[in-house]
Amino acid sequence: MAYAYDDQNIFAKILRGEIPNTTVLETEHALAFRDLYPQAPTHVLVIPKGAYVSYDHFAAEASDAEIVDYIRAIGQVCRMEGVAIDGNEGFRMISNAGAHGVQEVPHLHVHILGGRHMGRMVQKTEG
Ligand code: DGP
């Protein structure tokens with residue numbers, strides 16, 4: 001089954017410049033910006049510029065150039081934000097996908113969270 005991409009999602013609007021954002025890094029194929037509702041001192045979202053819903057969509061259909069650029073952009077953001085583990089305290093990277101992943105915005109993004117201890121990885125919740 002093909003992946004369906006909704007080009008009216010908030011991050012598509014950010015990429016088109018229709019909604020402002022606080023940019024941390026822009027590369028040929030990626031954009032990193034601060035989460036509007038930060039959950040840690042560092043909370044940056046990194047998205048590919050291409051129309052991909054999720055990590056699995058991106059892995060299946062993105063070009064090698066897009067994948068390399070995106071992964072390296074994520075690493076660069078970690079270094080720029082002072083959370084990379086070459087001398088810093090580290091970070092958590094999360095990418096929610098679909099209903100069970102509780103993805104709110106259907107454009108691939110990773111959350112880079114740091115600046116505090118992040119606690120347990122997954123908490124058991126109802127529903
Ligand atoms: P997720 O649940 O993984 O789809 O997270 C979506 C994130 O996007 C959430 O942490 C809040 C953030 N967010 C929602 N709307 C906006 C927006 O308009 N601008 C920015 N910068 N972040 C947003």
Side-chain angles (χ1 to χ4, degrees):
M1 209 174 100
Y3 289 94
Y5 181 82
D6 171 13
D7 67 5
Q8 293 306 307
N9 77 76
I10 290 167
F11 296 167
K13 291 179 180 179
I14 284 177
L15 284 167
R16 290 195 295 266
E18 295 166 13
I19 293 178
N21 74 91
T22 306
T23 298
V24 171
L25 174 70
E26 181 168 6
T27 65
E28 184 179 1
H29 296 294
L31 182 69
F33 53 94
R34 300 205 183 279
D35 195 292
L36 201 55
Y37 310 106
Q39 295 179 45
T42 293
H43 190 168
V44 177
L45 303 169
V46 191
I47 68 174
K49 290 181 177 174
Y52 302 104
V53 182
S54 60
Y55 191 91
D56 51 308
H57 185 195
F58 185 69
E61 296 187 5
S63 67
D64 290 1
E66 289 177 296
I67 291 171
V68 168
D69 182 279
Y70 183 58
I71 299 297
R72 291 214 188 279
I74 292 168
Q76 194 176 338
V77 167
C78 291
R79 289 190 298 279
M80 290 170 66
E81 292 293 302
V83 298
I85 60 168
D86 58 344
N88 300 300
E89 298 296 323
F91 61 94
R92 177 162 297 156
M93 187 169 98
I94 299 171
S95 189
N96 299 318
H100 280 189
V102 194
Q103 180 180 14
E104 291 170 19
V105 181
H107 181 112
L108 168 59
H109 51 284
V110 295
H111 299 252
I112 305 293
L113 296 148
R116 68 167 171 84
H117 192 279
M118 299 309 302
R120 288 172 63 88
M121 187 169 73
V122 175
Q123 284 166 19
K124 192 165 168 41
T125 56
E126 299 300 320

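None of these values were measured; they are calculated from a predicted model. For ligands, and for the atoms within them, numbers begin at 1 and follow the listed sequence.
- Counting heavy atoms closer than 4.0 Å to ligand 1, residue Val102 contributes backbone atoms (N, CA, C, O) but none from C-beta onward.
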In residues 83-90, what donor-acceptor pairs under 3.5 Å come from side-chain atoms, sequence neighbours left out?
residue : atom : partner : partner atom : Å
Asn88   : ND2  : Ala84   : O            : 3.1

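- Summary of contacts: the protein heavy atom closest to atom 14 (C) of ligand 1 is Tyr37 CE1, 4.2 Å.
- Not a single heavy atom of Lys13 lies less than 4.0 angstrom from ligand 1.
- At the shortest separation from atom 4 (O) of ligand 1 among protein heavy atoms lies Glu104 N, 2.7 Å.
- Listed by number with element, the atoms of ligand 1 under 4.0 angstrom from any heavy atom of Gln103 are 4 (O).
- Of the protein's heavy atoms, Phe11 CZ, 3.4 Å lies nearest to atom 8 (O) of ligand 1.
- Side chain of Glu81 to main chain of Gly115: no donor-acceptor pair is present (N/O by atom type, distance under 3.5 Å, no hydrogens or angles).
- For ligand 1, the atoms sitting less than 4.0 Å from at least one non-hydrogen atom of His109 are 1 (P), 3 (O), 4 (O), 5 (O), 6 (C), numbered in the order shown with element in parentheses.
- Residue His111 has at least one heavy-atom neighbour below 4.0 Å for each of these atoms of ligand 1: 1 (P), 3 (O), 5 (O), 7 (C), 10 (O).
- Arg34 O, 2.9 Å is the protein heavy atom nearest to atom 21 (N) of ligand 1.
- Aromatic rings from His111 and His109 are positioned such that their centres are separated by under 6.0 Å.
- For atom 15 (N) of ligand 1, the closest non-hydrogen atom of the protein is Ile10 CD1, 3.8 Å.
- Protein heavy atom in closest approach to atom 11 (C) of ligand 1: Asp35 OD1, 3.3 Å.
- Partners of Tyr70 according to the ring pair (Phe, Tyr, Trp, His ring centres under 6.0 Å) rule, which considers only residues two or more places apart in sequence or in another chain, are Phe58.
- On a distance-only criterion, Asn96 and ligand 1 share at least one N/O pair closer than 3.5 Å.
- When hydrogens are left out, the protein atom nearest atom 22 (N) of ligand 1 is Leu36 N, 3.2 Å; that is the closest non-hydrogen contact.
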